[in-house]
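We name chains A, B, ... by the order of the sequence lines, and we start the count at 1 in each one. All values derive from a computational prediction rather than experimental measurement.
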Amino acid sequence: MSDNTAEERNSKNFLEEIIERDLKEGRHSSVLTRFPPEPNGYLHIGHAKSISVNFGLADKYGGETNLRFDDTNPVTETIEYVESIKHDVNWLGYEWAKELYASDYFEQLFEFAIRLIRKGFAYVDDSTSEEIAAGKGTPTRPGTDSQYRDRDPEESEDLFRRMRAGEFEEETRTLRAKIDMASPNMLMRDPVIYRIKFASHHRTGDEWCIYPTYDMAHGQSDAIEKITHSLCTLEFMSHRELYDWFIDKLELFPSKQYEFARLNMSYTIMSKRRLRELVEKKYVDGWDDPRMPTISGLRRRGFTPEAIRDFCTRIGVAKRDNLIDVSLLEFCAREHLNKISLRRMVVFDPIKLVITNWPEDKFEELESENNPEDETAGSRMIPFGRELYIERADFMEDPPKKFFRLAVGRNVRLKSAFIITCDDFVKDNGGNVTEVHCRYHPESRSGSDNSGIKAKGTLHWVSIPHVHHIEVREYDRLFNVEKPVEEAAKQEGVFTDYVNPDSLNIAPAACAEPALADDFASTEKSGDNLPYFQFMRKGYYYPDKYSTREKPVFNRTVTLRDTWAKMKKK
RNA sequence: UGCCCGGUCGUCUAAGGGUAGGACAGCUGGUUUUGGUCCAGUCAGUGGGGGUUCGAAUCCUCCCCGGGCAACCA
C-alpha cells in the first residue's frame, strides 16, 4: 500500500466536503439527492455525469436519490422521453428511491402561489412578453416596475384563479414574483412564475392550463421531498438566489443548491437542443445513433455501463470549465471490454492465402480461447484448411525492416494454428496481389509447438469455405473539430458545419469465423445484454439493434490501441 | 462598461501555510501465439505583478484571461 493510493482515497471533491461539513455540523443527519431531468430529450453522457454525482454521493454517505422529472413545460415533454430516461438510468446501474414528477406537486405549487400573492410577494401582470422583456432592463441598467406591480393581492388572487379556470388567452397574463426590479441579478427582477399554456400535459392531461416555471417548481419540489443537497450545473448558479428566496418566503424545508461544472467532451456536443437538431435534420440515424453522445447511442455503440460509470468517476467534479478528451472515454471502454469481450477472428479486407503443403480436402478444428484475460470464458473451435483469408495489410511485397507480418521468406504465426513461411505470391494484370503462398510447419501447432521456429508476428485468419459474411460499421468522431459550437461562433457559422462527413464507414461483407454466427444466433432476441466482442487485432464490436441472423451487423465501439499505425504515421 | 463564478502538466483532477501528486494522452524499454493486454521508466504544470510569512498553488491586493447572467425553456 503506497502513499499515493492512501492520498487518492482521502482526496475529496468540493461536494463531498460540503456534505461532510453538513453531516458533521448536524445540519442534516442523512443525505437525499435527486436527479431531475426534463423529459424533453434523451439523456447524454453529460447527464451520466450528473447521475453519477447525485447517485454516487448519496450512496457514498448512506443516503438515497429520487428520480424526479422536471415536467413543467408540457409543450416539449413526452412520455417517450420519460420512458427512455428511466431505461437509461436503470441501464447505467442506478436505482432511485422514488419516481416523482414536478407535476405531482401542481396543486401544492398552486397553493404556494396563492400564499405568495396574499403575502404581497407575487402579482398578476397583464403585460405582454415584449413589455416584460423591456421592463427587465439589462445587466448594466436596472429594470422598471410593471404598471401592475402594486395591484391589490385580492385582485391578483382573483385573476390568478381565473387564469387557472381558463378565462384568459395564452400570453395575456402571467404571475410574477415581486422581488426587486433593480437587482443586479436579472433573475430577481420579478421573474415570471406561472404562465398560461393550453397544452395537454403527458401526466395531468388537460387538468391545467397554467404551469409553473422552473424557478417556481424546482426548489419547491426539492423542499417538499426534503432534498438535502440539490446538485446542478453551473448555469443555474444565478438561480440560487431565487431558489433560496422561495424557500425563505414560503418557509419550506431548507434544501440547498450547489453547482458543479457540466461535462464537455471533445469532438462532440452536449446540448439536448442541438442533439435534437442532428436527429431532426437527419445528420444521424436517431437519438440512439452510435455516433451520438447519448446514453442510448453509447449503448448501441457497445459501451458498457461499467465503462461509463468509471469514466464519470475519473473525470471528477469541480467548478471550473472543462473539456474532457474523448480518449479518456475510449480508455475506459477498452479497459472494461478487454476483460469481458469474446475474441473472434474477422478479416475485413481479405486476400487469399494458400497453404501449399496442406491437402485440398482436409479440414481440422483448432481450439482457441475465448478470452485470454478470463479463463472461465472457455474456448471455441475454428476450422482450418488449405485456403484462408488474411488481411490484405498483413502481406507486403516490399516490407520495411520493422514489418513483423508476411512477406516472402518470412514467418508468422497464424493465431491458434501454425507458423507459416511465405514462399511466393501471385499478382493480377493490374499489379495487385491476389494470392499469397505459404508452407505450414506441422510441428508448430498451437499449444504443442516444438518446431523451434520463431515468428515475430501473429495474424488472424478465417477458412474461406467456412466464412460468414457480416456487415461492420466503423465510426469516427461526429465532428471534426474539438469544440463545434465554439468554432461555429468564431467562424460565424453553425455547429453543423463541422459534422464529420466520414463519421460512418460501412464494411458490407467482412469475413467472420463461424463461431460468430453461432454467438449471434443465440442472442438474437436482442435487448441490452448482448455479448461484447473483440475482433482480434481490430477492435471491440457490438451487435447493432437491426442485426439479424440473415444479415448480422456489428458496430465498432472503439479500435484496439494500435502502435503499428502510429509507427507508420511517422 | 454591471453582477456572479472560475484559472495547477497537452487534457482532467489532487495538494487548503511546509517535498506540487495521480489519471488520460505522448514518448522509451521489457514480456507476449492479438504490434492488444500487462510491467517498468520518462516528458510535462501553479496566468502575471506586488504584498503578508522563516516558508504561498494555498492568505491579501491589483491586473490579465475564460465562463455564466437580459426565455411566459430547464
Distance check needed: [N] [atom2] versus [X] [atom1], whole Å only.
{"X": "A:Asp190", "N": "B:A71", "atom1": "CG", "atom2": "C1'", "result": "16 Å"}
{"X": "A:Trp461", "N": "B:U33", "atom1": "CH2", "atom2": "P", "result": "18 Å"}
{"X": "A:Asp321", "N": "B:C65", "atom1": "CG", "atom2": "C1'", "result": "12 Å"}
{"X": "A:Met536", "N": "B:U37", "atom1": "CE", "atom2": "C1'", "result": "10 Å"}
{"X": "A:Phe311", "N": "B:A25", "atom1": "CZ", "atom2": "P", "result": "13 Å"}
{"X": "A:Tyr267", "N": "B:U11", "atom1": "OH", "atom2": "P", "result": "13 Å"}

Output the single nucleotide from [options] whose closest atom is nearest the side chain of [X].
{"X": "A:Arg195", "options": "B:A74, B:C5, B:A14", "result": "B:A74"}
{"X": "A:His239", "options": "B:A74, B:C5, B:A14", "result": "B:A74"}
{"X": "A:Asn322", "options": "B:C24, B:G35, B:C12", "result": "B:C12"}
{"X": "A:Lys566", "options": "B:A15, B:C27, B:U34", "result": "B:C27"}
{"X": "A:Asp325", "options": "B:U11, B:U37, B:C73", "result": "B:U11"}
{"X": "A:Met567", "options": "B:G66, B:C12, B:G35", "result": "B:G35"}
{"X": "A:Glu373", "options": "B:U8, B:C69, B:G36", "result": "B:G36"}
{"X": "A:Arg561", "options": "B:G36, B:A14, B:C24", "result": "B:G36"}
{"X": "A:Asp70", "options": "B:U37, B:U34, B:A74", "result": "B:A74"}
{"X": "A:Pro184", "options": "B:C12, B:C3, B:C73", "result": "B:C3"}

With a 3.5 Å cut-off and just heavy-atom distances, do the side chain of [X] and the base of [N] make a donor-acceptor pair?
{"X": "A:Arg537", "N": "B:U34", "answer": "no"}
{"X": "A:Arg343", "N": "B:U34", "answer": "yes"}
{"X": "A:Arg320", "N": "B:G66", "answer": "no"}
{"X": "A:Thr140", "N": "B:U1", "answer": "no"}

- Message: Strictly distance-based, threshold 3.5 Å: is any side-chain N or O of A:Asp71 a donor or acceptor partner for the main-chain N or O of A:Ala102?
- Response: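 Such a contact is found between A:Asp71 side chain and A:Ala102 backbone.
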- Using atom types as modelled and distance alone, determine if a side-chain donor or acceptor of A:Arg343 lies under 3.5 Å from a backbone N or O of A:Ser341.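 Yes, the answer is positive, given that a donor and an acceptor are paired below the 3.5 Å cut-off.
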- Message: So, applying ring-ring contact (aromatic ring centres under 6.0 Å, His included) with A:Tyr211, which one of A:Phe106, A:Tyr105, A:Tyr194 is it?
- Response: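 Among the candidates, only A:Phe106 passes.
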- Of the options A:Tyr81, A:Phe35, A:Tyr101, which is the one that meets A:Phe69 in a ring-ring contact (aromatic ring centres under 6.0 Å, His included)?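 Looking at A:Tyr81, A:Phe35, A:Tyr101, the match for A:Phe69 under the ring-ring contact (aromatic ring centres under 6.0 Å, His included) is A:Tyr101.
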- Which sits closer to the 5' end of RNA chain B, A:Asn338 or A:Val317, going by the nucleotide each is nearest to?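 Nearer the 5' end of the strand: A:Val317.
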- Using the closest heavy atom to pick a nucleotide of RNA chain B for each, name whichever of A:Ser129 or A:Ile315 lands nearer the 5' end.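 By nearest-heavy-atom nucleotide position, the 5'-most residue is A:Ile315.
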- Task: Measure from NZ or CZ of A:Arg344 to the centre of the six-membered ring of A:Phe533 and say whether it is under 6.0 Å with the direction within 45° of the ring axis.
- Result: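 Here A:Arg344 fails the 6.0 Å and 45° test against A:Phe533.
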Watson-Crick or G-U counterpart of [N], or none if no pair lies under 3.5 Å:
{"N": "B:U32", "answer": "none"}
{"N": "B:A70", "answer": "none"}
{"N": "B:G41", "answer": "B:C27"}
{"N": "B:U52", "answer": "none"}

Classify the nucleic acid contact of [X] as base, sugar-phosphate or nothing, counting any heavy atom under 4.0 Å across all strands shown.
{"X": "A:Met237", "result": "sugar-phosphate"}
{"X": "A:Lys402", "result": "base"}
{"X": "A:Asp562", "result": "sugar-phosphate"}

- Item | Spacing of CG belonging to A:Asp104 relative to CG belonging to A:Leu109, to within rounding of 0.5 Å |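 The CG atom of A:Leu109 is 10.0 Å from CG of A:Asp104, to the nearest 0.5 Å.
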- First locate atom CD of A:Glu38, then atom CD1 of A:Ile85, and finally report the distance between them rounded to the nearest 0.5 Å.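 A:Glu38 atom CD to A:Ile85 atom CD1 measures 8.5 Å (nearest 0.5 Å).
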- Item | Over all atoms of both residues, closest heavy-atom pair of A:Val75 and A:Ala199 |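 Minimum heavy-atom separation between A:Val75 and A:Ala199: CG2-CB, 4.2 Å.
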- Message: Checking A:Thr213 against A:Asp215: is there a side-chain donor and acceptor pair closer than 3.5 Å?
- Response: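 Side chains of A:Asp215 and A:Thr213: no pair found under 3.5 Å.
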Please measure how far the [atom1] atom in [N] lies from the corresponding atom in [M], and state the result in whole Å.
{"N": "B:U34", "M": "B:U19", "atom1": "C1'", "value": "43 Å"}
{"N": "B:C60", "M": "B:G2", "atom1": "C1'", "value": "25 Å"}
{"N": "B:U37", "M": "B:U32", "atom1": "C1'", "value": "9 Å"}
{"N": "B:A15", "M": "B:U53", "atom1": "P", "value": "27 Å"}
{"N": "B:G47", "M": "B:C65", "atom1": "C1'", "value": "7 Å"}
{"N": "B:C9", "M": "B:U28", "atom1": "P", "value": "24 Å"}
{"N": "B:A20", "M": "B:A57", "atom1": "P", "value": "8 Å"}
{"N": "B:G10", "M": "B:A25", "atom1": "C1'", "value": "8 Å"}

- Task: Verify the stacking flag for A:Tyr214 against B:A74: centroid separation must be under 5.5 angstrom and the ring planes must differ by under 30 degrees.
- Result: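 The ring of A:Tyr214 is not stacked on B:A74.
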- Message: By a 5.5 angstrom centroid cut-off and a 30 degree plane limit, is there stacking between A:Phe404 and B:G35?
- Response: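 Whether judged by distance or by angle, A:Phe404 passes, so it stacks on the base of B:G35.
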- Query: Is the distance between the ring centroids of A:Phe554 and A:Phe535 less than 6.0 Å?
  - Reply: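 Ring-ring flag for A:Phe554/A:Phe535: true, centres closer than 6.0 Å.
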- Along nucleotides 39-44 of chain B, 5' to 3', which nucleotides get a B, which get an S, and which get a -, given that the test is a protein heavy-atom distance under 4.0 Å? ------
- Query: Under a 4.0 Å N-O cut-off, is there an ion pair linking A:Lys256 with A:Asp22?
  - Reply: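 Salt bridge: no.
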